[in-house]
Asks: 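First the structure, which I've put down as structure tokens, then a few questions once you've had a look.
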Amino acid sequence: MFHASRFFTTIFFFSLTVSTGFSFAQKPNILWIYAEDTSPWMGCYGDDVNVDATPNIDAIAELGVRFNRAYVPAPICSATRSAMIIGQSAIRFGAHQHRSSRTPKTRIPLPQNYKLLPELLSEQGYTTFNFGKADYNFAWNQGKTYNHKLKKRTDFSELVNKQPFFGQIQLRGGKNNTENINKEIKVNPNYVAVPADYPNNKIFKEVVAQHYEAIRVDDNIIGKIIQQLKDTGLYKNTIVVYFSDHGANNLPRHKQMLTEGGLHVPFVVMGPNKYVPSGKVRNDLVNMLDLSATTLSWAGVDVPNWYEGQNLFSKNFTPRVFVAAHKDRLDHTIDRVRTIRTENYRYIRNYKLDRIFLQPQYRDSKNFIKNLHHLYNSERLSKVHKEIYFGERPAEELYNVSTDPAMIYNLVGNPTFSLELKRHRELLDQWLAVGDMGSEAEPIANLKANGDGKKWGEGVNPEYEKYRVDSDGDGLSDSWEIANKRDPSDGLLYFDFDCGGWQTEGWESTDISSNLAGSLGYLDFKLDSKKGTIHKTGLQIRETNHQSIAIKMKSNASLKIFVANDYGDLGTAEYSGNSSFEEVLISINNSTSLSGTTKLKISFHGKKNDLVEIDYIKQL
């Protein structure tokens, strides 16, 4: 029997499908425009240089919501991207080490029942795609995660009949090559302000100017993406999100670092008023993991119990007391740092104090890194910048970032802020108590995959030494010595303390409580009592005619120095105190020898709190 009502209902349904491209218009399209290495230096964020120079990003903010204080969970792309796509900090599920899980031997499985955000959406009928890099630190199935392939980042024609969709379009951000861009978007380095935590010189002005240019390049691409949404009729039902994975790439205290510059990112959203209000500015602290939870909520998908974010537009939204982040191995550079940001303060906890802030890393060949080293070695780096980049690593840092956004003045040790320090320690402890897989040593296979013979550099941290070969028995592996321009076959003790990734070169102490690692190139410590001893183990000194130990040092006090090995005392020397470095020579007793030494000890006898600084220790 013919049913007219059924027929017209079918015709209406078909007509709706053709005109809108899909049959359940209540589901919005969601588009993440995901920039690499970009700081929030746009006109909408009040930046003077880019006022009127980022019209498309500014338009998203004007038509939707601008989040002024959005922070990523890590200052490096892969850890942030791994966290965002899972909805949880990477330290919770083992994806915290940069570029891990990239070889068959180092695959990292996700915890049972975990699913990637696009998988959750795909199960609810969403078309999912990613145009550009993924960069996830765990084993994943690309076909299962993304069910559509975009032809071009500005061609959405196939999406018209594949709605609703969740897509990511990756932009180069700070990595954009701006050498040959149009003159109209070039930035004069003389008209930019260099952040206070960098030298205000020509090189860093050029770095800052280039980052402004890179943002302008992306803004132009964003304009084309928005226009394509309009041309295909997708614009009205699409939520557009623009954000970055971390801060500026060519500023060494931004990318890779747990600073305001490294973690603070642009975050603007626009879309149908049902999902996103218009013309709003949010000043609450936002963890970018909130975007993951918000995305699922927009799509009407239940947020899994492992998610750490919350729907930013929920009626039950609770402003955060703090946002947290982590830093672990970055390429071949091993570190472990944790931080929280509260309303006015940033607290940082450093776990590896035997390496400086600017330890060897993948950007060492760049002119801005070379410039910092040149200024340091020529003693032309300011005291502030010397402490930041090459000084002794503090165990804790606390900054009032509301008045000191460049994080210049460490408030740890200032009694005025003792209560704030205690509060922030407790808040960080609470966050870490949920789980921190960064406390576990990384497997040797993973270390080899990232630190041995790689284009970005050779690993020089002590973690690599546990599996490497030391042919000449000096307690330093062949690979380490080659990387540090030492001779791996000379069989001589030589410790210059100029490797920022392992400042102590294995020297330790059991009766000196202060950190032995000083500024780049030095050991420095205070005696806890009348005597303090440093020692180096793991030696296999062979037969040698070099029977003297030279220590280039300075101290504020007169000291008596004793050298001993496994078998007993080797020699002594008197030091009268000097404000300049001088070489102290300890001749080995005729009745003893360095040959066969596996442990060398150097004791300093003086008074409590005597300061000792050592430039080098070597065998003559």
Side-chain angles (χ1 to χ4, degrees), residues 20-22 24-35 38 40 42-46 54-72 84-85 87 117-118 120-121 124-129 156 159 163-169 171 218-219 222-223 225-230 232-244 265-303 307 309-320 323:
T20 64
F22 69 111
F24 39 109
Q26 74 276 11
K27 294 277 188 178
N29 303 314
I30 304 166
L31 182 63
W32 286 8
I33 303 177
Y34 206 158
T38 303
M42 297 91 192
C44 61
Y45 279 94
T54 53
N56 297 297
I57 297 171
D58 297 350
I60 297 174
E62 183 178 353
L63 294 170
V65 180
R66 182 182 80 234
F67 294 89
N68 281 342
R69 297 199 295 174
Y71 294 88
V72 287
M84 292 286 294
I85 212 69
L117 185 150
L120 296 170
L121 292 170
Q124 298 301 316
Y126 266 77
T127 297
T128 59
F129 65 86
F156 301 157
L159 293 174
Q163 301 179 68
F165 63 78
F166 166 73
Q168 300 176 71
I169 295 178
L171 301 183
D218 266 6
D219 187 81
I222 291 168
I225 293 171
I226 300 300
Q227 188 60 50
Q228 175 64 191
L229 288 172
K230 292 179 178 179
T232 51
L234 298 170
Y235 179 79
K236 289 185 178 181
N237 196 53
T238 300
I239 299 168
V240 178
V241 185
Y242 168 74
F243 64 105
S244 173
V265 296
F267 179 27
V268 292
V269 185
M270 70 175 183
N273 286 337
K274 178 180 179 181
Y275 304 102
V276 183
S278 59
K280 299 292 184 181
V281 176
R282 293 270 293 267
N283 291 308
D284 51 311
L285 292 170
V286 170
N287 185 330
M288 286 306 299
L289 294 177
D290 292 332
L291 173 59
S292 305
T294 303
T295 296
L296 292 182
S297 298
W298 280 329
V301 177
D302 291 338
V303 177
Y307 266 51
Q310 57 180 325
N311 180 3
L312 290 163
F313 301 104
S314 170
K315 294 179 180 179
N316 299 320
F317 175 81
T318 303
R320 292 179 176 274
V323 291

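Values below: every heavy atom of this structure, side chains too, minus hydrogens, waters and symmetry copies.
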Asks: When you measure from the side chain of Thr294 to the backbone N and O of Leu312, does any donor-acceptor pair fall under 3.5 Å?
Replies: yes
Asks: Closest heavy-atom contact between Ala299 and Lys27?
Replies: O-NZ, 2.6 Å
Asks: Does any pair with a residue in residues 265-286 pass salt bridge (Lys or Arg N to Asp or Glu O under 4.0 Å), and if so which ones, sequence neighbours excluded?
Replies: Arg282-Asp284
Asks: How long is the straight-line distance from CG of Leu117 back to CZ of Phe166, given to the nearest 0.5 Å?
Replies: 5.0 Å
Asks: I would like to know whether Ile33 and Ile225 meet side chain to side chain contact (heavy atoms under 4.5 Å, CB included); could you show each step before the answer?
Replies: CA-CA 9 Å; Ile33 303 177; Ile225 293 171; 4.1 Å; yes
Asks: Just so I know, are the side chains of Val286 and Val323 near enough to count as touching, which here means a heavy-atom distance under 4.5 Å?
Replies: no
Asks: Using a 4.5 Å cut-off on heavy atoms from C-beta on, say whether the side chain of Leu229 contacts that of Val240.
Replies: yes
Asks: With sequence neighbours excluded, what pairs up with Asp290 under the salt bridge (charged side-chain N to carboxylate O under 4.0 Å, His left out) test?
Replies: Arg320
Asks: Could you pull out all residues at least two apart from Phe243 that satisfy ring-ring contact (aromatic ring centres under 6.0 Å, His included)?
Replies: Trp32, Tyr34
Asks: Mark yes or no for whether Ser292, through its side chain, and Met84, through its backbone, hold a donor-acceptor pair below 3.5 Å.
Replies: yes
Asks: Show the numbers, then the answer: is there a side chain to side chain contact (heavy atoms under 4.5 Å, CB included) between Ile57 and Tyr45?
Replies: CA-CA 10 Å; Ile57 297 171; Tyr45 279 94; 5.7 Å; no
Asks: Mind checking whether Pro319 and Leu285 have side chains closer than 4.5 Å, heavy atoms only?
Replies: no
Asks: Please answer whether the main-chain N or O of Asn283 pairs with a side-chain N or O of Asn68 as donor and acceptor at a distance below 3.5 Å.
Replies: no
Asks: Taking Val241 as the fixed residue, which of Thr295, Ile60, Val269 is the one that meets the side chain to side chain contact (heavy atoms under 4.5 Å, CB included) rule?
Replies: Val269
Asks: Would you name the heavy atoms of Thr38 and Val265 that are closest together and state the gap between them?
Replies: O-CG1, 4.2 Å
Asks: State, to 0.1 Å, how close Ile222 and Leu171 come at their nearest heavy-atom pair, and which atoms those are.
Replies: CG1-CD1, 3.7 Å
Asks: Within the 4.5 Å heavy-atom criterion, are Tyr242 and Leu31 side-chain neighbours or not?
Replies: no
Asks: What distance separates Gln310 CD from Thr318 OG1, expressed to the nearest 0.5 Å?
Replies: 5.5 Å
Asks: Not counting sequence neighbours, which residues clear side-chain contact (heavy atoms from CB on, under 4.5 Å) with Asp302? List them please.
Replies: none
Asks: Run the ring-ring contact (aromatic ring centres under 6.0 Å, His included) test against Phe67 and tell me which residues pass, sequence neighbours left out.
Replies: Phe267
Asks: How would you list, by chain and number, every residue that makes a side-chain hydrogen bond (donor to acceptor under 3.5 Å, both in side chains) with Asn287, sequence neighbours excluded?
Replies: none
Asks: Which atoms form the tightest heavy-atom contact between Tyr126 and Phe165, and what is the distance?
Replies: CD2-C, 3.4 Å
Asks: When you compare the side chain of Phe313 with that of Pro277, does any pair of heavy atoms fall below 4.5 Å?
Replies: yes
Asks: Which heavy atom of Tyr275 sits nearest to which heavy atom of Pro28, and what is that distance?
Replies: OH-CD, 3.4 Å
Asks: Working to the nearest 0.5 Å, report the span between OG1 of Thr127 and CG of Leu159.
Replies: 7.0 Å
Asks: Between CG of Leu291 and CG of Asn311, what distance do you get to the nearest 0.5 Å?
Replies: 10.5 Å
Asks: Is there a donor-acceptor contact under 3.5 Å from the side chain of Thr238 to the main chain of Asn29?
Replies: no
Asks: Quick one: pull up CG in Asn237 and CD1 in Ile30 and give me the separation to the nearest 0.5 Å.
Replies: 10.0 Å
Asks: Does the side chain of Cys44 reach to within under 4.5 Å of the side chain of Thr54, using non-hydrogen atoms?
Replies: no
Asks: How close do Tyr307 and Ile85 get, heavy atom to heavy atom, and via which atoms?
Replies: OH-O, 4.5 Å
Asks: For the OH atom of Tyr235 and the CE atom of Met270, what is their distance to the nearest 0.5 Å?
Replies: 4.0 Å
Asks: If you count every heavy atom of other residues, nucleotides or ligands that lies below 6.0 Å from Gln227 atom CD, does the total exceed 12?
Replies: yes
